[in-house]
2 protein chains.
Amino acid sequence: MDNRAKLLEQALYLFAQRGYDAIGVQEIVEQAGVTKPTLYHYFGSKRGLLEVLINERLQPLIDRLAQATSHANDVPASLAAIFQLYFDFAQAEPLLYRMQLAMWFSLPNNEAFQIVAVSSAQQQALLESFFVRASSFHGNMRGRQRVYAATLLGTINTYIGLCLSGAVQASPQIIHQAVQQFSYGIYS
Amino acid sequence: MDNRAKLLEQALYLFAQRGYDAIGVQEIVEQAGVTKPTLYHYFGSKRGLLEVLINERLQPLIDRLAQATSHANDVPASLAAIFQLYFDFAQAEPLLYRMQLAMWFSLPNNEAFQIVAVSSAQQQALLESFFVRASSFHGNMRGRQRVYAATLLGTINTYIGLCLSGAVQASPQIIHQAVQQFSYGIYS
DNA sequence: CTTTCTCTATACCGATAAGTATAGAGAAAG
DNA sequence: CTTTCTCTATACTTATCGGTATAGAGAAAG
């Protein structure tokens, strides 16, 4: 593994454990076994390091979400696919998902928030466009895309948080329950 | 307003805006128009300041929650009361609620997390005891207190986040929808 | 008038923050 | 053999971090 990859790996581990603000550049390079100029050579700044981390590693989630939200002829099936996709990703990349979640809940004037806000906005936009499409099949959904997208992500994150904390095991039953719980707020 | 109150007010504003780690003691005392020894006289440390902020201002929420969860003969009514209580509190103290929420989603090794974890654990415990009581009326709930408490808080925070961001107005309809959505996952 | 106690300011502490100037090592290209 | 380019280390910068030693101001108590 080259130094660039080592830096990304250690940064993710440390950010996910103690938070972006609480981690110094010095600590990252020490854990990675390199020195500061190496980090600044590859990433330019601490912020640049986080940007690369987010953009590179979160891209697969965005891509799969774009695919799952591209059609809305069968809304329940698409919803199930979306939940499944998030669960899979969170299980494959627990550190990344925890970190991104923590940053998303940090405050708007926080540097880390602004960086994850980009990819969060992409997810939000994809979900909203899905609900816009869905409303051509379910007229009563019209105009509620934003609220639906937000509560969908909220429900997903509630259940993923439950799984990441070990309170429950991710299982088809849990995913089904999450889908059902979200759906209840929709078809009404 | 005395210096102690000024410090608490400014600390809350700054913490809620940019996060605990990102705010230095210097900035707090400057905004409050005092100097560092004053802060250290009243609170002993930056951590102590946050502890007072959390313990003093979040106590009303805990108290009302303790009352609302004390009996479970009418589960739907209690749930509605709990949602209402959280919405009221978040509307009365939006900065405090945002800050506490951000800290709760920060990571376990973070100092701010450890401080809010105390009151979060109290809320969790009260909700769990409520569901234990409720399971004497609804047998199929037995053993699921932890998951119920977590998803209840998750649902509440999803909707409160929606209101705090201005995406929707807090209204009896929204609260009713939140209660219904959560309830769906329960009586099954 | 003196003592005592609470509160606050000036000026400082060592540690660490992010970031950089300079130089050298090593491989690739001519 | 020399030049060039990529990468990395030593050593440094300035600014800020949380926290404090000391002293003084002002009110209360005797």
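The sequence lines fix the lettering, A, B, ..., with proteins before strands; numbering per chain opens at 1.
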Distance-only side-chain donor-acceptor flag, A:Gln59 / A:Asn55, under 3.5 Å: no

Base-pairing mate for C:dA9 - Watson-Crick or G-U, with both contacts under 3.5 Å: D:dT22

Contact under 4.0 Å: B:His41 side-chain N or O vs C:dT8 OP1/OP2: no

Residue whose nearest DNA chain C nucleotide is more 5′ - B:Lys36 or B:Arg4: B:Arg4

Residues A:Met99, A:Met103; criterion side chain to side chain contact (heavy atoms under 4.5 Å, CB included); working and verdict: CA-CA 6 Å; A:Met99 184 187 78; A:Met103 288 172 175; 3.6 Å; yes

Options D:dG19, C:dA18, D:dA9, nucleotide nearest the side-chain atoms of B:Lys46: D:dG19

Ring geometry between A:Phe89 and A:Tyr97 (parallel below 30°, tilted from 30 to 60°, perpendicular above 60°): perpendicular

Who pairs with D:dA27 - Watson-Crick or G-U, where each distance is under 3.5 Å: C:dT4

Interatomic distance, A:Lys6 NZ vs D:dC7 P [rounded to whole Å]: 14 Å

Whole-Å distance separating the CG atom of A:Leu14 from the P atom of C:dA18: 12 Å

Test side-chain contact (heavy atoms from CB on, under 4.5 Å) applied to A:Leu7 and A:Val52, A:Leu12, A:Leu53, A:Val29, the passing residue: A:Val29

Distance below 4.0 Å between B:Tyr42 side-chain N/O and C:dT8 OP1 or OP2: yes

Protein-nucleotide distance (B:Leu49, atom CG; D:dG19, atom P), rounded to Å: 11 Å

Atom pair distance, as rounded to whole Å: OH in A:Tyr40 and C1' in C:dA21: 14 Å

Residue whose nearest DNA chain C nucleotide is more 5′ - A:Ala22 or A:Gly44: A:Ala22

Phosphate-side-chain proximity, B:Thr38 and C:dA9, N/O vs OP1/OP2 below 4.0 Å: yes

d(CZ, A:Phe43; P, C:dA18) in whole Å: 15 Å

Rounded interatomic separation in angstrom, taking CD1 from B:Ile28 and P from C:dT8: 16 Å

A:Leu7 CG to D:dC7 P, straight-line distance once rounded to whole Å: 13 Å

B:Gln26, nearest nucleotide to its side chain (from C:dA17, D:dC17, D:dT10): D:dC17

Protein-nucleotide distance (A:Asp21, atom CG; D:dC17, atom C1'), rounded to Å: 13 Å

Under 3.5 Å side-chain donor-acceptor pair for A:Gln31 and A:Tyr13: no

Touch class at under 4.0 angstrom, heavy-atom based, for A:Leu39 against every strand present: nothing

